[in-house]
Amino acid sequence: MLNHFNFTVLIDAFNCFNILLSTAEEVKRKFNSLRTYYNKELKKVQSSKKSGTGTGELYISGWIYYDALDVFFKHQVLPRRTLSNMVSI
C-alpha cells in the first residue's frame, strides 16, 4: 500500500535519480539560474548596506540556499572595473 510517507520517499528518490540523469545542458542551465538568483540577492544585501540605513533595516536574504552559495560564489563573483568619465587634474 502506498501511503503519504512512502509516496514522499519515492518522489525524493526519483528526484535524486533524475538529477543524476541530467544532461550537461540542464546542469548548465540550473547552475546559471542559481548564480543569477544569488547575484540578485547579493545586490539586495549590498545595496541595503550602502544606503545609510540603520542596522535594523539591513536586508537579510531569506533564500535557503543563499548562505551555502555565498561560501561558494563570494570569491568568484567580483565587481567589474568601472571607467570614469571624469578628467583627473
Side-chain angles (χ1 to χ4, degrees):
M1 186 83 182
L2 190 64
N3 62 23
H4 178 72
F5 177 76
N6 291 341
F7 184 72
T8 305
V9 171
L10 181 65
I11 293 297
D12 289 342
F14 177 75
N15 287 335
C16 290
F17 184 70
N18 193 20
I19 290 171
L20 295 175
L21 296 179
S22 297
T23 64
E25 286 301 316
E26 289 174 351
V27 171
K28 288 178 188 177
R29 188 174 61 241
K30 289 176 185 179
F31 182 79
N32 285 336
S33 176
L34 287 172
R35 186 178 58 201
T36 300
Y37 196 76
Y38 168 79
N39 285 333
K40 288 180 183 180
E41 289 292 305
L42 180 63
K43 186 176 180 180
K44 290 178 188 178
V45 169
Q46 289 175 343
S47 67
S48 75
K49 290 179 183 178
K50 291 181 183 178
S51 67
T53 57
T55 57
E57 299 172 4
L58 290 177
Y59 179 78
I60 298 173
S61 179
W63 187 38
I64 60 173
Y65 300 118
Y66 180 77
D67 292 330
L69 289 176
D70 190 45
V71 172
F72 181 72
F73 282 131
K74 73 178 168 184
H75 299 293
Q76 295 184 10
V77 177
L78 301 174
R80 293 182 180 176
R81 293 183 58 181
T82 59
L83 299 175
S84 175
N85 58 359
M86 303 288 289
V87 177
S88 298
I89 297 178

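The first residue of the sequence shown is numbered 1, and numbering continues consecutively from there.
Considering only residues two or more places apart in sequence or on other chains, Lys43 meets the salt bridge (Lys or Arg N to Asp or Glu O under 4.0 Å) condition with none of them. With sequence neighbours excluded, the residues forming a ring-ring contact (aromatic ring centres under 6.0 Å, His included) with Tyr66 are Tyr38, listed by chain and number. Legend: residues meeting ring-ring contact (aromatic ring centres under 6.0 Å, His included) with Tyr59, ordered by chain and number and at least two apart, are absent. For Lys44, the salt bridge (Lys or Arg N to Asp or Glu O under 4.0 Å) partners two or more places apart in sequence, or in a different chain, are Glu41. Not counting sequence neighbours, Asp67 has no partner by the side-chain hydrogen bond (donor to acceptor under 3.5 Å, both in side chains) test.
Hydrophobic clustering keeps Val71 apart from Phe31 (ILVMFWY residues linked when any side-chain heavy atoms are closer than 4.5 Å, directly or through intermediates). The same ILVMFWY cluster, assembled from side-chain heavy atoms under 4.5 Å apart, contains both Phe72 and Ile64.
Atom-to-atom distance recorded for Leu69:CG and Tyr37:OH is 11.5 Å, nearest 0.5 angstrom.
Listed for the Ser33 side chain is no donor-acceptor partner under 3.5 Å among the backbone atoms of Arg29.
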